[in-house]
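Okay, so here's the structure we're looking at.
Nothing here was measured: the structure is a model prediction, and the numbers come from that model. For the single chain, residues carry numbers from 1 onward in sequence order.
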Amino acid sequence: MSLKKITSSPWIFIPMLFLAVGAGGGGLVGNLTTVMFKDFGFSNALIGAIALLSLPSCLRFLWAPWVDSLGSKRDLCWRFTALMGLLILLLGAMVALGHLTPGLAFGVVAVFSLIFSCLEVSADGYYIRIFNRKQQAGFVGVKTAAIRGGIILAIVLFIRMAGDLQEKGWTKDAAWGTSVLWAGVLLLLLALYYRQTLPRAPGDEPVKDHAAFPLVPVLKEYINQHRAWAIITMLLIFRFGQGMQVYMVPPFLMDTSDAGGYGMSPKNIAMLKTFADMPCMIIGGILGGLIIKRFGLRRTLVPFTLLLNVPNFAYIYLAYFRPEATMSVFGYIFYRDVFWTAALETLGYGIGFSAFYYYLHAIAKGKHKTSMLAISSGLMGLGFYLPGALSGILQERLGYPVLFIISSSLGLVTLLIIPFLPTPSFEEPAQESTAA
């Protein structure tokens, strides 16, 4: 089998493409900066505010029509990934030289987030062009697993690297700067890979619109969907509780026992993600996509919503009782209950988020499908990042136990909206593709 045939398989290029989406967003912006800022002694309120740096992802529907007109989604994927790599190199140099001030760091990451939002538009647009609807359902689990994999890759490689270098006597500036520089190199290598290997999708051309401001007709088309009110409400609340929780889990694990945490180091966090999150994320993501393909959305949305949210209640138990029984995994010592909580939460997330993510693709139709998907993703992001921005303030005022009670409970509100959602079927027409 030739190398070209191997790289043109969707089992190869889909994971590789969305690896950069996960590594760039949830990995570098969502996790690496959170742990790095905590390691440098920044407050939880400031760390929670990192969520605001992801607002460009939420608002990307504003410039999605413009991005859609720039070129083929295939070419835009590698170009935006390369720009992200260059910006991360700049951030790494700043950290290594001892210039990690909140203002400068937040400025670079904000620009990075803007470019990252353009990559999301391009990658999603490519995905819904390279596959027909049934293929989208079959690979949505692979896609979500790859995104989660990119997040965990950033944690495992770069947070662990910073922890290892500090254990060897490096300063925090040098250790974190070196780690972030390598993250930039990885993004540049991925950009080169996309340029050389991504197959071309049928109909992947710039979408030119004769309207003076193409967003207006796109928004009208979106609002005129069947039961648009239910779709918009669901997108805003589906991940609201999770957004409030996810930004405070690393500070919770890293804070001292006097501050209500477990006192774990950055390397401890990285190893926990390696052995608890990574395997469960891969299994959950792929399994979720296969279940949706077999049973469809209507029968899976409710159980998948429960799987996404119920495991989060375990963090309430951890915060109240802070059990310290330990266990060994491949020679590494972990807090037993923390390990299993992380594993179950990731498995539930992998399975549950597949249904939600596929739903975003399934309702994206028509000429402006890339922009329609960007609007849905943006609304979902607002329901994730805005509560994330408030999470640090709430934690400092209420403590970890109360914060986790609120965040875990809010996630179940979606169950009230699901009965009203329109659920597209596989048989509805979608862009056909030659992808195998």
Side-chain angles (χ1 to χ4, degrees), residues 10-19 21-22 25-27 120 123-124 127-128 130-153 231 234-235 237-239 241-243 245-246 273 276-314 340-364 373 376-377 380-381 383-384 411-412 414-415 417-418 421 423-426 430 435:
W11 290 98
I12 301 297
F13 71 77
I14 290 299
M16 291 299 293
L17 174 58
F18 288 95
L19 192 72
V21 175
E120 289 182 295
D124 285 340
Y127 183 85
I128 59 180
I130 198 72
F131 289 142
N132 60 39
R133 182 161 291 142
K134 193 162 188 176
Q135 289 171 321
Q136 289 175 28
F139 279 93
V140 71
V142 177
K143 178 180 175 179
T144 56
I147 292 173
R148 189 76 170 186
I151 295 172
I152 295 175
L153 179 69
I231 294 173
M234 186 274 288
L235 293 175
I237 68 174
F238 190 82
R239 300 182 71 197
Q242 186 189 38
Q245 177 170 298
V246 72
K273 298 293 184 180
D277 280 25
M278 184 174 288
C280 292
M281 172 275 303
I282 295 172
I283 295 170
I286 295 175
L287 184 61
L290 294 176
I291 293 173
I292 295 170
K293 187 177 181 180
R294 172 66 179 83
F295 296 103
L297 275 172
R298 187 173 297 276
R299 287 189 283 176
T300 56
L301 270 177
V302 170
F304 278 18
T305 298
L306 291 171
L307 284 171
L308 183 72
N309 290 287
V310 170
N312 293 334
F313 281 85
W340 289 116
T341 294
L344 289 173
E345 182 272 329
T346 307
L347 181 65
Y349 177 94
I351 297 174
F353 193 58
S354 296
F356 177 71
Y357 217 55
Y358 172 66
Y359 189 80
L360 300 188
H361 296 78
I363 62 175
L373 180 55
S376 294
S377 300
M380 178 270 290
F384 181 80
L412 298 176
T414 310
L415 296 172
I417 304 298
I418 288 177
L421 290 174
T423 51
S425 67
F426 296 144

Quiz prompt | Parallel, tilted or perpendicular: ring planes of Phe18 versus Tyr127, cut at 30 and 60 degrees | solution = perpendicular

Practice problem: Enter the distance from Leu308:CG to Gln242:CD here, rounded to the nearest 0.5 Å. | Solution: 5.0 Å

Quiz prompt | Smallest separation among heavy atoms of Phe131 and Pro10, with atom names | solution = CZ-CB, 3.5 Å

Quiz item: What's the shortest heavy-atom distance between Ala276 and Ala342, and which atoms?
Solution: CB-CB, 4.1 Å

Self-check item: Closest heavy-atom pair and its distance - Ala123, Val21
Solution: CB-CG2, 4.1 Å

Quiz item: At their closest point, which heavy atom of Leu360 faces which heavy atom of Ser377, and how far apart are they?
Solution: CD1-OG, 3.9 Å

Quiz item: Between CD of Glu345 and CG of Asp277, what distance do you get to the nearest 0.5 Å?
Solution: 6.5 Å

Quiz item: Under the criterion side-chain contact (heavy atoms from CB on, under 4.5 Å), which of Ile418, Leu415, Leu306, Ile292 is the partner of Leu301?
Solution: Ile418

Practice problem: Quick one: do Trp11 and Phe139 satisfy side-chain contact (heavy atoms from CB on, under 4.5 Å)? Show the steps, please. | Solution: CA-CA 8 Å; Trp11 290 98; Phe139 279 93; 3.6 Å; yes

Self-check item: Approximate separation, where rounding is to 0.5 Å, of Ile147 CD1 and Glu120 CD
Solution: 8.0 Å

Practice problem: Check side chain to side chain contact (heavy atoms under 4.5 Å, CB included) between Ile237 and all other residues, then give those that pass, not counting sequence neighbours. | Solution: Thr233, Val413, Thr414, Ile417

Practice problem: Working to the nearest 0.5 Å, report the span between CG of Leu235 and OH of Tyr359. | Solution: 8.0 Å

Quiz item: Rounded to the nearest 0.5 Å, how far apart are CZ of Phe384 and CD of Gln245?
Solution: 10.0 Å

Practice problem: Check the pair Ile128 / Asp124 against side-chain contact (heavy atoms from CB on, under 4.5 Å), numbers first and verdict last. | Solution: CA-CA 6 Å; Ile128 59 180; Asp124 285 340; 5.9 Å; no

Practice problem: Output the distance between atom CD1 (Ile286) and atom CD1 (Ile291), rounded to the nearest 0.5 Å. | Solution: 12.0 Å

